[in-house]
Structure formats: structure tokens, C-alpha cells
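Here's the structure we're looking at; comments come further down.
Reminder, nothing fancy here: chain letters follow the sequence lines and each chain counts from 1.
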Amino acid sequence: MGKLVLIDGNSIAYRAFFALPLLTNSSGIYTNAVYGFTMMLLKVLEEEKPTHMLVAFDAGKTTFRHQDYQEYKGTRQKTPGELAEQIPLVREMLDAFGIRHYAIENYEADDIIGTLARAGSGKDLEVLIVSGDKDLLQLVNEQVNVLLTRKGVTETERYDRKAVADRYGLTPQQIIDLKGLMGDASDNIPGIPGVGEKTALKLLKQFPTVEEIVDHVSELPGKKLREKVETYRDQALLSKKLATIYTEVPLDLQLEDLLLAELDVNRIADFFRKVEFKTLLDRLKKFSGADEEETKTVCEEQDAIESVTVFGEEARDEWEPFLKQSGLALFVEMTGENPHHSDVIGLALSDGEKQLYIPIEEAMDWQAFREYLADGERHKVVYDVKKTSLALKRKELDVAGLSFDVLLAAYLLDPSESQMELNEIVKRAEAGYLPSDEEVYGKGAKRRQLQGEELEKHLARKARAIYQVYPVLDRQLQEAGLDALMFDLEMPLAAVLANMERHGVLVNRERLDELGVELKRSMDLLQEEIYELAGVPFNINSPKQLGEILFDKLGLPVIKKTKTGYSTSADVLEKLAPQHEIVEKILHYRQVGKLYSTYIEGLKKEIGSDGKIHTQFNQTVTATGRLSSTEPNLQNIPIRMEEGRRIRQIFIPSEPGWYMLSADYSQIELRVLAHISGDANLQKAFKEGKDIHTQTAMDVFGVAEDEVTSLMRRQAKAVNFGILYGISGYGLAQGLDIPQKEAREFIERYFETYPGVKKYMDSIIAQAKQEGYVTTLSGRRRYLPKIHSRNFGERSFAERTAMNTPIQGTAADIIKIAMVRLDRQIRERGLKGRMLLQVHDELILEVPESELPAMQELVRDVMEHALELSVPLVVDVNCGKNWYEAK
DNA sequence: CGCGTCACG
DNA sequence: ACGTACGTGACGCGT
């Protein structure tokens, strides 16, 4: 029996376009949709082994559906130009594969697919439909399955009758009824207003079709619902009709026309070369009969390393000219992930043709190499500059001229993909092929250290990949206007961070132990009391067991549920506190338990033999441009509650008589908002040095300063936070624990007071839709493909992100600029004090007593003038004998 | 290894 | 009707 695969061309191209970053090839042509489409196609060919195939496209703007309903797809946004221009290329690609594509006036791709699916199953073919559109599910039957894209283009979900039933509780035919009732915003199909998926499914459980539902209106539950169904009866029937795929399109092709011929690998390879899909050339192998000379050479060229030399003493003279070059790629291999606790194994260098592997002992013993490393004039390209320099400094090798980090470049080009592996970067840049670390090293327990030739070859391969990917990324950075951010900010910052990490923060071990004993005692006591009140001992840390005790045994009311059972989160427990004295004890136990396990035991494990903690500041993780901190995370040390705040007492200066100095920006994000929104009122408040939350309370509640109650200020503060996060009535209601209606009124009044902010929020969303990304003041980008999503939740999330990212990201830019400048100033002035930590809007330094006045002034000056905004930046500086006291 | 929870800005 | 506040990382539990 044969297999017919039918692809919804527009849908897949659209998915591919938004799933992949908007990358161009060297002639400036956008190719992301073609690339994604091709990936999907290769996957289907590989996994499904079809005998027949067709890709259906929509033809013109109007279809037979417009006769019934003129507004059909009336709200649909215009296809972005960057996508539209790729459609002819998609057709060209299909031609290269010898795959038929088809469009016909007056009908949509769906109808072509429907017609052929019926024809195919009539001819005893197994049929598989590939689309991103759930509507196609209506075509499912015993012979017809649907493959829906889930995330991106290559992650898919297969639907047969059972899968449709599991997901919707409906038969495939009823998908039409579902849409008839709930409508479809993206196609502008109205359905019944006020009926969503939930209500529609409920109705369809009662009666199987729209027709029967409207015929039995009187038997439906709820007066409102009956009225709605009654009023919109015809609209529902029309909607169903619109949603129904027409399966009798007059097609001028036969099933035989869709028969797949053997792939013409050369023709495909020509196309791939034309559009510069270098990595896809590799995958072609699987389809070719190995004797295809051309592709074979291309592929082998790409993954085989012929020339790797392992450095030995005898070769020293021979390799010295190699080291004279500037622009070599350098990769350093360590025994583990954490550069503070791992050892260096060896290094690999590449000039794109020759690769040299040097075991670390040899490297340290080779003078010419030491000179090469230390020479800032000879540039080195690396993957992860911070880790590389930490590794080399650990071996007391001087290093200079690490001038391009492909990891940082990849991050700036698309910060949504956190900590990209080298093979990912190479794949995206279409600059060759590299296996993933997981493939090479194995994962979990199977992870192993490579040895001998395997190690040498792999590192050589990595070094060469770095060399090859560098020019691509360098050009992409320039094209995106991200080069200044790269070379003037992130690269210099990496060096600053490396020094902070390497120096570490000294811990007062004695104080840590004291606090530990105290917390443990408190925990044991609370545990006893909780067991007593519960009448039975249980694991308080298990949400499952705790839920059973609170809600089953003690019968407390269930306020919120999670996927897996009762919610026992703090906000739920706070509401239950008045009902039973056990609740307060549990809250306290949780708090103390957290402090003990994360901050006492957790930090203890991280103290090194030098008595210090060396965190890692990750520069390529967050989507907004902030840093993150791991192993341990020193950016979330408690401060809000006094009990936890004392943890800060354990962090002390590393030299006797020195002080901890903390400098934090006051309201930096709201000031950034005032600047970028240009709102006159908000700017005025900051220029006059007002307490911003009090000012907001005065404006929003229309009262004088002395009439602002603490409740009003608290609520105004929550509104200000909400604004920064991309406000919604629901979110603010949650934050303040008030009805949504009230929250919406607050927001409305806020926007009346600060109309510039409202204007900014609207325009930034429009901009995100237009450009596909948003930027910070320094031009840092974040792509938001989901801003076009037809899924409300996804789209709303993208919109909030569009509002928040420029604010959070600009604040991140500002403190990063300050750090680079402060570091330079400290060195130029020959000061001994040094930066230790950064906590998003705060810098922590350790400083000798004699430098305190100068350093306070310097830090404040540098931080306040990192970027000149239309409102002043204000920095508070404090110092003390430990971090706790520097408040 | 995913989930719930909670620490921070 | 939809279903979230934005950005992170670490811990303990239980599959």
C-alpha cells in the first residue's frame, strides 16, 4: 500500500517563518521560511517514506467562502513582506525535490488537501496531512492522519481518530461544529459571541452537532447561554459552513501525477548551494545512493578533520610560524563545566586549515606559545571568552587579545536561546556541521571525558568550527547594528566579570555555622508543633502530603489547584491562616526550611579551599540582557525578611580592615520608562525628586500628598510594578488581591495620568509586530515571533514581553556600562578596592577604609552617568563591615 | 527529570 | 473566552 503526504504549504511556510530567526544569506535574501520548510520536508521524507506527495497553496484573495460571508478572513494581517518574498523560493525548492505543488482559484489549500485526501483514501492509499492548522483535523479517519506542527516546524504531533478524541473529546467531524460554535478569530469566523472552547465542548457533549444544538435550544443549561444560541443561531450555522473543508474541488490532476520520483540529489544540492544551506547538504547523504560524487565530497569536507597535529616537543620550531598569525580560533578543554573547580586538559588552535592540539603541560612549557597567548596584537577567536580566560588564568598563563567570542555574538543576535552550544551556533550560521556535546560526551551518568585521538580530533573540530563561524557572526552583528554592543560592552564586561568571579567573596564560616544552628533549632521546634497540631507526623516539604493534611484531614477550603493536586503556595496559605493555627506554623517552617537548605547548607557546599565563594555570572542566559548567577546564585540572597536578611552577615571583605560597599540604583526601571516613553508627568516627578509611589498614589487617587495613606501607596506601588511588567487587569488583581474590575480602574486612571506611558505601550507592541523584535536603548534586540500568534495566551505574553523588555533590558545595559567604566576608572586611579558582585541594579564592592570616600564618590558618579537620560539616575551608596551592614 | 515552591531584582 | 503579571536559579519531592 502506498502513502500520500499532503502538505499545507502556506501554513508550514508561515510556521517556519515565525519559528526561525530572520536570517539572510550573503546576498541579503531572507531564507528562514525556506530553510524551515526544507527541514520539515526532509524529516517527512525520512520518517514517512511517502510514495505520493503534494504541497497545496492558497491561490487568490477571494474564495467561494467569500460569497457566503464577505468578511471571511477579513481581520487577517497582511503576510509580512519578508515571508511573501520567500514563497517563490519555496516553490523552487519543491521543484528541486520533484514535488508537485498546486493552487487553484477560488479555493484554499485546505480544500485541495481535503479533496485529495478523500481521493487517496478511496484508492487505498494511506494519507498523511501536514499542517499547523487544527482545522485539518476534521479530515481524520481510519486512513487519514494529520501531523500538526507543535513548536517550530519539525516538532510535530500525530493525530488519528483516537488522538482527536483524547484531545477534544470529539469525533473529527465535530471539529467543524466546534468551530461553528466558538468561531475563529484568525479567519474572522464569528461563531457564537461569548462561547469559547470550554462552553462549546460542553454543548457538543450534550448534542453532537450545531444543527441539533440549535434545534434543542430549550434544553440547554443557563438562561444567558440559551439566549445567545437563540440570537446567533444563523451565525453559528454559517460559521460551521465556513469551517467545513470542501472535498470536491475540480482538480486537473490525478493521483498518479503525485507519484514521487527518485530524488535528484544534484539538483537539490544546486539549490542548497544557491540559497547557502550548507548544513542541509550534509543531510542529503541519507537520500542519495552514496555514489553521488558531488555531495559526498562536500559532506566529508565538512566533518572530517584530516590535519590535526598533536604538539610534542620535537615540533616546536615547526609550529612557531603558525603562532605568528592573528585571528586563530582557540578552544580550551577542561575536566568539568565549572571553571573555578575544573582543571585544564588541553588547547586546540585552528586557522581554518591546520589544527593544532596542545596538551596543557606542553603549553605551559612552550615559551613561544606563552608569548603568543600574552600578545594582545595577535587576536584570538573563542567560544565563551570568560570561561576561556578563567581557565588560562587558573594555569597562571597570561592571556590577551581574546577579541571575539562566538557565544556572546550568538547571544546578541538572538538572546532567546540561552547559552547556545557551539554546534547550535554553527548550525544557525549555516557554517558547517558539528556534533552536539551530548552526542560526543554522552549525558547524565554516561558522560565521560574524551581521551587520546578522539579528544584531539574533537577539539580540533571545535576550534575549526569557531574559526569558520566567526566571519558569519561578525557580519551578522554589523548588519543588525549590534557590533558596538559586542565590542564596547559585552566583550570588555566579560573580562570584568572574570576578575570578579576569580577573586570571589570571602565567607565568615563561623557566622554561617551559628546561623545554621539557630535555624535548625527553629525548624525542629516548628516541626514538632506542626505534627502536634496535625495529630500525625508527615513530610511538610511534600506538597502532596501537606495538601492531604490541610484539605482532607483538617478540612480547610481549597482555594487553588495545581495540575497535580491542591496548591499549598504561600499566597493560598496566607488566606487560610485565620482558619487554623497550623497554617502560620507551616508558612514559617517553609521560610526557615528554605533558608536552611538553600542558604546555609547550599552555600556551605560552595565554599572553596580559599574560604571564598566563586559564583559564575552568566552573560548569555537571559532574554533581556541581564546577567544571571549560578553555583551558587548570589543574586537571590535574602533581604526582604529580617530573619533571612541576616544571611548577608556571612559575606565579608577578603582583607582585614576593609569594608563592603553597596551601591544601588533607585527606581532605575521606572526612570528608564520615564525616559523612553517621554511621558511629561512621570519625568516631572523624577526631576523634582519625588517619591514615585507616593506621587503615583496622589495622581491616581486624586489626593494631596498628606492624604496618601499607606494602603494607597502600596497599591500605587503595585500599579507601577504592573506597568513595568506589561500590565493586565488580572495580573494586578492577583498582585493586590482585589477584584479584577477594581484593578482595571486603577490601570485606566494610571494611563489617564501618564498618557505618554500608554502611548509607549501601544507603540512598542506595534513596533514588535512590524519589525519582529524590540530593542533597548543600546540597540540590544529580542525577537518576539509569538506576537503574531493566533493563540491568545501566547500573543498576550509576547505583548507583555514587548512592553517589559526594553525597560528591563535598558536598565541592564546601564549597569553593564557602569561596570565596564568603573573597572577602568579603578585601574586608572590605581585603587585597591574591587567589584565583587552585581545584583541587577546594585554593585557590591570591597574597599580599604582609606579609599572609602573616594570610592563612594567614584561609584556614584560612574553609575549615575552611565547613560544620560532625560531624568536623573540616582544611586544610593552604603558601607559596612559585611554585606548585611552595607544597607 | 518535571513540578511546585520560593529566594532575588 | 482566553489566562498571565517581567526576568532569573535552587531546593525537595516523587515518578
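- B:dC8 sits 31 Å from C:dG3 when the P atoms are compared, rounded to a whole Å.
- Toward the 5' end of DNA chain C, the nearer of the two residues A:Val195 and A:Ile727, judged by each one's closest nucleotide, is A:Val195.
- Of the candidates B:dG9, C:dA5, B:dC3, the closest approach to any side-chain atom of A:Lys563 belongs to B:dC3.
- In this view, A:Arg795 satisfies the side-chain hydrogen bond (donor to acceptor under 3.5 Å, both in side chains) rule with no residue, not counting sequence neighbours.
- Residue A:Gln808 is classed as a base contact, given a heavy-atom separation below 4.0 Å to a base.
- A:Gln545 comes within contact range of the sugar-phosphate backbone alone, with a heavy-atom separation under 4.0 Å but no base atom that close.
- When each of A:Ser597 and A:Leu736 is assigned the nucleotide of DNA chain C with its nearest heavy atom, A:Leu736 is the one assigned upstream, toward the 5' end.
- Residue A:Gln740 places no side-chain N or O under 4.0 Å from the OP1 or OP2 atom of C:dG3.
- When heavy atoms are screened at a 4.0 angstrom cut-off, A:Ala718 is found touching base atoms of the nucleic acid.
- Nucleic acid contact for A:Ser567: sugar-phosphate only, since backbone atoms but no base atoms lie under 4.0 Å from a heavy atom of the residue.
- With hydrogens and angles ignored, no donor-acceptor pair under 3.5 angstrom links the side chain of A:Arg795 to the base of C:dG3.
- Rounded to the nearest Å, the gap between the C1' atom of C:dA5 and that of B:dG2 is 23 Å.
- In this pair, A:Phe797 does not lay its aromatic ring on the base of C:dT4; centres under 5.5 Å and planes under 30 degrees do not both hold.
- Considering only side-chain N and O atoms, A:Thr199 lies nowhere under 4.0 angstrom from the phosphate OP1 or OP2 of C:dA1.
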Pairing string, 5' to 3', for DNA chain C - Watson-Crick or wobble contacts under 3.5 Å, brackets [ ] where pairs cross, | to another strand
.....|||||||||.
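- Taking the side chain of A:Asn636 as heavy atoms from C-beta on, and the options B:dT5, C:dG7, B:dA7, the nearest nucleotide is B:dA7.
- Nucleic acid contact class of A:Thr801 (heavy atoms, under 4.0 Å, all strands): sugar-phosphate only.
- For A:Pro638, counting side-chain heavy atoms from C-beta on, the closest listed nucleotide (C:dG7, C:dG9, B:dC8) is B:dC8.
- Taking the side chain of A:Thr598 as heavy atoms from C-beta on, and the options C:dG9, C:dC11, C:dG3, the nearest nucleotide is C:dC11.
- Across C:dG14, C:dA1, C:dG9, the shortest atom-to-atom separation from the side chain of A:Lys228 is found for C:dA1.
- Across all strands, A:Asn539 comes closer than 4.0 Å only to sugar-phosphate atoms, never to a base (heavy-atom distances).
- Distances shown here put every side-chain N or O of A:Thr630 at or beyond 4.0 Å from the OP1 or OP2 atom of C:dG9.
- Using a 4.0 Å heavy-atom criterion, one finds that A:Ala570 contacts the sugar-phosphate atoms exclusively.
- Side-chain nitrogen and oxygen atoms of A:Arg645 include none within less than 4.0 Å of the OP1 or OP2 phosphate oxygen of B:dA7.
- Out of C:dT4, C:dC11, C:dC6, the shortest distance to the side chain of A:Tyr725 is found at C:dC6.
- Residues A:Gln808 and A:Glu669 bring no donor and acceptor atom of their side chains to less than 3.5 Å of each other.
- Taking the side chain of A:Ala623 as heavy atoms from C-beta on, and the options C:dT8, B:dT5, C:dA5, the nearest nucleotide is C:dT8.
- Residues A:Leu201 and A:Leu170 approach most closely at CD2-CD1, 3.8 Å, considering heavy atoms.
- Proximity of a side-chain donor or acceptor of A:Thr630 to a complementary backbone N or O of A:Asn633 within less than 3.5 Å is not detected.
- Nucleic acid contact for A:Arg790: none, since no nucleic acid atom lies under 4.0 Å from a heavy atom of the residue.
- Base engagement by A:Gly722 is indicated by at least one non-hydrogen atom pair under 4.0 Å involving a base atom.
- Residue contacts shown for A:Glu631 are limited to sugar-phosphate atoms, with no base heavy atom under 4.0 Å away.
- With distances taken from any side-chain atom of A:Pro543 to the nucleotides C:dG9, B:dG4, C:dC6, the minimum falls on B:dG4.
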Give the intermediate values and the outcome of salt bridge (Lys or Arg N to Asp or Glu O under 4.0 Å) for residues A:Glu745 and A:Lys741.
CA-CA 6 Å; A:Glu745 282 167 17; A:Lys741 187 168 173 300; 3.3 Å; yes
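- The two residues A:Gln635 and A:Gln838 make their nearest non-hydrogen contact at NE2-O, 2.8 Å.
- The aromatic ring centroids of A:Phe746 and A:Tyr750 lie 6.0 Å or more from each other.
- Heavy atoms of A:Leu627 sit nowhere under 4.0 angstrom from any nucleic acid atom.
- Each of B:dG9, C:dG7, B:dC6 was ranked by its minimum atom distance to the side chain of A:Thr622; first place goes to C:dG7.
- Using P as the reference atom, C:dC2 and B:dC6 are 27 Å apart when rounded to the nearest Å.
- The listed nucleotides are B:dA7, C:dT4, C:dG7; the one nearest the side chain of A:Arg626 is C:dG7.
- Residue A:Arg590 is classed as a sugar-phosphate contact, given heavy-atom separations below 4.0 Å to backbone atoms only.
- Relative to the ring axis of A:Tyr773, A:Arg781 places its NZ or CZ within 45° and under 6.0 Å from the centre.
- Using a 4.0 Å heavy-atom criterion, one finds that A:Ile637 contacts the sugar-phosphate atoms exclusively.
- If you check every strand for non-hydrogen atoms under 4.0 Å, A:Gly194 touches sugar and phosphate atoms only.
- Scanning all heavy atoms of the two residues, the minimum distance from A:Ala733 to A:Gln740 falls at CB-CA, 3.8 Å.
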